[in-house]
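Structure first, then comments.
Computed from a predicted model, the values in this text were never measured in an experiment. What's counted below: heavy atoms across the whole structure, side chains too, no hydrogens, waters or symmetry copies.
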Amino acid sequence: QGNYTSSLPPLSPSTQCLPKMSPLRDGATVTVDQVKASFALLEAKLGEVQAQAQLDKADLQNDVTQLQAQVDAQQKVETQLRAELDTTKNETAELRKRLDTQTKRVSFHVQLSSTFRGSGQLKPFRIITNEGDAFSAAQGQFVAPVNGTYFFVASAGSGSSGALDYLQLMIDDVVVSVAYFEQYDVYEVMGTVHGVVYLSTGQRVWLNSVYSTSYYSNSVTYMSGFLLHGDY
């Protein structure tokens, strides 16, 4: 506790309004509890701090909200850019695939390796040209590497008098073209099969002999083919 004495200034307006004999003109003694006064001051200061803290908190929350909105917008832009990039990659891959298909070079020219007698698939062949490695000499067949339109031709001759040949150009098990030829004397007779066909990847093209009495001379039996244009 503490004792404090105070009085009104004699010339102040408040003093002038008091009667001359008023005890209020004299000094007044006031007793103040120092602890309570300190607490009151601290409470007042705490209130000011809390009020300022609330204002600062509101400002921070507003800043956080704005920053979060900016982050969300940036993430949205990033997602859109990633989607556009993925689309561009897919389109580029598709264009590369189309270009590879359109510019793919496929051709072959082969000769029968040895005389073939009887029926069945003509083989084996000797490779002369095999661009794209689509023709198997051992299997005697062409396997389409891509979808597209192809041209094939084969010529065959009999080297035996009296031989009757029936030659078929086959796609898998479907006949595309046929040729009949029979040799009566020492002069070789030739037959030709050919076709322009659409093939899907993996389809096979080969030559088939129908008659068991057929005779094909390797010196005059050839097969050729090439890709006209690829599909995509």
From [X] atom [atom1] to [Y] atom [atom2], the distance as rounded to the nearest 0.5 Å:
X    : Y    : atom1 : atom2 : result
T65  : L60  : OG1   : CG    : 10.5 Å
T192 : F181 : OG1   : CZ    : 8.5 Å
F142 : I171 : CZ    : CD1   : 10.5 Å
N130 : S136 : CG    : OG    : 9.0 Å
Y198 : D231 : OH    : CG    : 3.5 Å

With sequence neighbours left out, write down each residue that passes side-chain hydrogen bond (donor to acceptor under 3.5 Å, both in side chains) with N218, or none if nothing qualifies.
->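 Here the qualifying residues are T115.
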Mind checking what makes side-chain hydrogen bond (donor to acceptor under 3.5 Å, both in side chains) contact with S155, not counting sequence neighbours?
->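 Not a single residue meets the side-chain hydrogen bond (donor to acceptor under 3.5 Å, both in side chains) criterion with S155.
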Those residues that, when tested against [X], pass salt bridge (charged side-chain N to carboxylate O under 4.0 Å, His left out) (two or more places apart):
X    : result
E48  : K45
E131 : R105
E78  : R82

Min side-chain heavy-atom separation M223-V205 under 4.5 Å |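 They are in contact (side-chain heavy atoms under 4.5 Å apart), so the answer is yes.
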Under 4.5 Å between any side-chain heavy atoms of V49 and Q52, yes or no?
->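 The answer is no, as the side chains (C-beta and beyond) never meet within the 4.5 Å cut-off.
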Side-chain donor/acceptor of [X] to backbone N/O of [Y], under 3.5 Å:
X    : Y    : result
D165 : Y215 : yes
S113 : R126 : yes
Q139 : K123 : no
N90  : D86  : yes

Mind listing the closest non-hydrogen atom pair of [X] and [Y] along with its distance?
X    : Y    : answer
V220 : M190 : O-CE, 3.4 Å
Y150 : P145 : OH-CD, 3.5 Å
S200 : A144 : O-CB, 3.5 Å
L227 : V146 : CD2-CG2, 4.1 Å

Quick one: side-chain contact (heavy atoms from CB on, under 4.5 Å) partners of E91, sequence neighbours excluded?
-> T87
Apply side-chain contact (heavy atoms from CB on, under 4.5 Å) to S209 and list each qualifying residue two or more places apart in sequence or on a separate chain.
->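 Applying side-chain contact (heavy atoms from CB on, under 4.5 Å) to S209 gives F116, L122, S214, Y216.
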Name all residues meeting the ring-ring contact (aromatic ring centres under 6.0 Å, His included) criterion together with F135; count only those two or more places apart in sequence or in a different chain, and write none if there are none.
-> F108, F125
Partner residues of Y222 under the ring-ring contact (aromatic ring centres under 6.0 Å, His included) criterion, sequence neighbours left out | H109
Members sharing V210's hydrophobic cluster, built from side-chain contacts under 4.5 Å between Ile, Leu, Val, Met, Phe, Trp and Tyr, are L164, Y166, M170, V175, V178, Y180, W206, Y211
Just one of N208, V153, L169, V176 clears the side chain to side chain contact (heavy atoms under 4.5 Å, CB included) bar with V193, so which one?
->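 When side chain to side chain contact (heavy atoms under 4.5 Å, CB included) is applied between V193 and each of N208, V153, L169, V176, only L169 qualifies.
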Determine which pairs satisfy salt bridge (Lys or Arg N to Asp or Glu O under 4.0 Å) with at least one residue from residues 190-216, sequence neighbours left out, and list them in order.
->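 Salt bridge (Lys or Arg N to Asp or Glu O under 4.0 Å) check on residues 190-216 returns D172-R204.
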Sequence neighbours left out, what pairs pass salt bridge (Lys or Arg N to Asp or Glu O under 4.0 Å) with at least one residue falling in residues 147-157?
->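 Non-adjacent pairs meeting salt bridge (Lys or Arg N to Asp or Glu O under 4.0 Å): zero.
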Other residues, nucleotides, ligands: >12 heavy atoms within 6.0 Å of Q80 CD |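 Enclosed.
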